[in-house]
Amino acid sequence: MAKIIAGIGSSHVPAIGAALDNGKTEEPYWKRVFSGFEKSKEWMAKTKPDVAIVVYNDHASAFSVEMIPTFALGCAAEFPPADEGWGPRPVPVVKGHPALAAHIAQSVILDEFDLTIVNKMEVDHGLTVPMNLLFGQPKDAWPCPVIPLAVNVVMYPPPTGHRCYMLGKALRRAVESYPEDLKVVIFGTGGLSHQISGPRAGLINSKWDKSFLDNLSKDPKKLTRIPHLEYMREAGAEGIEMVMWLIMRGALDDKVDEVYRFYTVPASNTAVGHIILENARKASSTRKVAGKSKRGSAGKSRQAAARKSIHRIASKGTR
Ligand SMILES: [Fe+2]
């Protein structure tokens, strides 16, 4: 079966993409940012995922204000880089994984999360910048297929952190019910604290960001209780992008191994945060053997029953 083995959190600052595209990575200002991702690229090259699910937000590139889906899953075979005003970024076309994406759409929607299915979409810096930071700058092709999941954080009301976290759990159930053996990684992107306009433009709150990263690693449920207003007040108007990291975190084990973290300020006008979390496979197998609590078993049986019923409905629908 397919398995989510790790989650990656990363800012997706557009100026990072511009620095890459214009050969500025060795300039001292940008070297400080890019040097924080060297270990991440090594980790990714070693991990060699078969598929990446990238949770990001579209910045009025694929969706205008005329239509903004809350959660949009990219089910197409490919996703060209969007023209964000100065031509498409010089990065390879992102290849999708239509079979797994269709399976995720079925599983997650029947699991009562109403995703928008997108069969044609261009992707902007929100997706391509984190790809560069973790996969480098391939000329012809990205090293693995990608399933984009676009989240509305640009027009009120965005989804709550709790909803995002629960969607992560539904994504995990979807991936784990896919029969092919695939190593899947999931990205949560955006943030960290920043505000790009208004009297508080330039706001960065490192203390709040670092506490977010600590809790993301150790106590993500605490983060699910943060209301939108707190993100706005503490992390700036665009800091709300951080709810997308909770989709990634929800798709992982409750206990994870934090294998890498990087934080620097600023990049452009934004705090750059990055984290790599691996599912604690050893710990989870120990828990499986040692901890067959009544509550755990009952929860698992309920999930199994729900999955069976989902598949019954799904197979009836395809007859
Ligand atoms: Fe963004």
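Just follow the structure's listing: the first ligand is 1, and inside any ligand the first atom is 1.
- Of the inter-residue distances, the one linking I16 atom CD1 with T128 atom OG1 reads 11.0 Å to the nearest 0.5 angstrom.
- The Fe ion (ligand 1) lies at 2.8 Å or more from every N, O or S atom belonging to H125.
- Per residue H59, closest N, O or S atom to the Fe ion (ligand 1): atom name NE2.
- At a cut-off of 3.5 Å, with distance as the only test, no side-chain donor of S40 or Y260 sits close to an acceptor on the other residue.
- A salt bridge is defined here as a Lys NZ or Arg NE, NH1 or NH2 lying under 4.0 Å from an Asp or Glu carboxylate O, and K169 with D254 meets this definition.
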Worked verdict on F79 versus I147 for side chain to side chain contact (heavy atoms under 4.5 Å, CB included)
CA-CA 9 Å; F79 306 93; I147 298 176; over 6 Å; no
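- Among the atoms of E241, an N, O or S atom falls under 2.8 Å from the Fe ion (ligand 1).
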